[in-house]
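This report refers to the structure that appears directly beneath it.
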2 protein chains.
Amino acid sequence: MPDSVALDRFDHALLDLVQVDNQMPARLLADRVGLSESAVLRRLRRLRQSGVIAADVAVVDPVVLGLPLTIHVLVSLEREGAMELDAFARRLRGRPEVRRAWSVTGEADFVLLLQVADMGAYDGFARAVFHDDPNVRAFRTITAMRQVVGAGDGAAPMRRPVRPVTSR
Amino acid sequence: MPDSVALDRFDHALLDLVQVDNQMPARLLADRVGLSESAVLRRLRRLRQSGVIAADVAVVDPVVLGLPLTIHVLVSLEREGAMELDAFARRLRGRPEVRRAWSVTGEADFVLLLQVADMGAYDGFARAVFHDDPNVRAFRTITAMRQVVGAGDGAAPMRRPVRPVTSR
DNA sequence: GATGAAAGGCGACGGAG
DNA sequence: CTCCGTCGCCTTTCATC
């Protein structure tokens, strides 16, 4: 683990490619960025060990899993002490609907990004997390119609349209 | 491309694992879910071809790239016709600061998720995209202090803290 | 249809020059 | 950085239920 990392244009080129498809063979990456296969492998290894590449993940389409509704929520708490913020954050982490959440400054205390099956599911979530929590002063719901930048949950392009799924 | 996809508990278990690390050998996956290596490989193949797994990507830590600031913006437009919405969406797609953006209903027309180096960078972005666009009626900035659910850009855990990077 | 075991081939990794 | 050898993993095929 080096103390600091320096990225040149080759590293940036590799990062651009591997952020779209991290299963591409090193041979192809080498051709695209103008390096040898060995060099590509070594650089990727360094990028992963140094933490520049924080993880390698499969991106699952929420729509296919039956969670087509994307909802943003701005949550304001009554008391904004460190303990209360932590407690709320912990509760969020226990809810599978919450894909991401940030503690924020400004008009709200938290920004939530949810992925749910339908409005009924969101209603149940709101009751459990917002209404039943006396420390939640207010929340504002923003329903997404379509994602216009980025795709799915990662920054990678979708592969093809797929019909919803039946879980058995 | 099958007309519909059915997922059983093995598929869900595989998805859970591969969403955290898609480079795990099939041998390990097989041990964890209780299947043979062959079965695991075949199932993953189907999940990818059917689009349930939409992509396989490397997650790059924005902080290491020198973009530690996460900012949400609620944007309201003057005229909300389809043409105006599309035009604005197209401009967003041209800006590297915009990690994700949604067209939404409710108090705003767009929700933006930005990743920038500092407030100066955001100021430049705001001038170019908001102030210089006569169709932007208002925008509200929400600065994230810390992400409390999810990690980085993907849903995967960070690997280790790393010092910022110098680009050369 | 599904699974699990074995043979083959491609790609990643390490060392030498 | 390139070349080469080894090893590990994915692919394919097969028998089986």
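Computed over heavy atoms, backbone and side chain alike; hydrogens, waters and symmetry mates excluded. Each chain gets a letter, A, B and so on, in the order its sequence line appears, and its residues count up from 1.
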- Find the distance A:R27:CZ to D:dT2:C1' and express it as a whole number of Å. 12 Å

- Round to the nearest Å and state the distance from B:L14 atom CG to D:dC10 atom P. 12 Å

- Query: Can you tell me if the side-chain N/O atoms of B:R42 get under 4.0 Å from OP1 or OP2 in C:dT3?
  - Reply: yes

- Query: Between atom CG in B:L28 and atom P in D:dG8, what is the gap in whole Å?
  - Reply: 13 Å

- Note on the structure: A:S76 and A:E107 have their tightest heavy-atom pair at OG-O, 3.5 Å

- Message: Rounded to whole Å, how long is the line connecting atom CG of A:L35 with atom C1' of C:dA12?
- Response: 17 Å

- Task: Please state how far atom CG in A:L29 lies from atom C1' in C:dC10, giving the value in whole angstrom units.
- Result: 16 Å

- Message: Check B:R32 with B:D16, please: is the shortest side-chain N to carboxylate O separation under 4.0 Å?
- Response: no

- Query: In whole angstroms, how far is the P atom of D:dC10 from the CE atom of B:M24?
  - Reply: 11 Å

- Message: So, OP1 or OP2 of D:dT2: does either fall under 4.0 Å of a side-chain N or O from A:S36?
- Response: yes

- Query: Out of C:dG4, C:dA12, C:dG14, which has the shortest distance to the side chain of A:E37?
  - Reply: C:dA12

- Message: Starting the side chain at C-beta, find the nucleotide from C:dT3, D:dT2, C:dA12 nearest to A:P25.
- Response: C:dA12

- Item | Closest listed nucleotide, where the reference is the side chain of A:A26 and the choices are C:dG4, D:dC3, C:dA12 | C:dA12

- Message: From the set D:dT11, C:dA2, D:dT2, return the single nucleotide nearest to any side-chain atom of B:L41.
- Response: D:dT11

- Task: Round to a whole Å and report the spacing from CZ of B:R43 to P of C:dA2.
- Result: 8 Å

- Atom CZ of B:R9 to atom C1' of C:dT3: distance rounded to whole Å? 14 Å

- Hey, is the side chain of A:S38 pairing donor to acceptor with the base of C:dC13 inside 3.5 Å? no

- Query: Would B:H131 and B:F139 count as a close aromatic pair, with their ring centres under 6.0 Å?
  - Reply: yes

- Message: Taking B:D86 first and then A:R146, would you say they form a salt bridge - that is, a charged N and a carboxylate O separated by under 4.0 Å?
- Response: yes

- Does a nitrogen or oxygen in the side chain of B:R45 sit under 4.0 Å from OP1 or OP2 of D:dT11? yes

- Tell me yes or no: between the side chains of A:N22 and B:D56, is some donor less than 3.5 Å from an acceptor? no

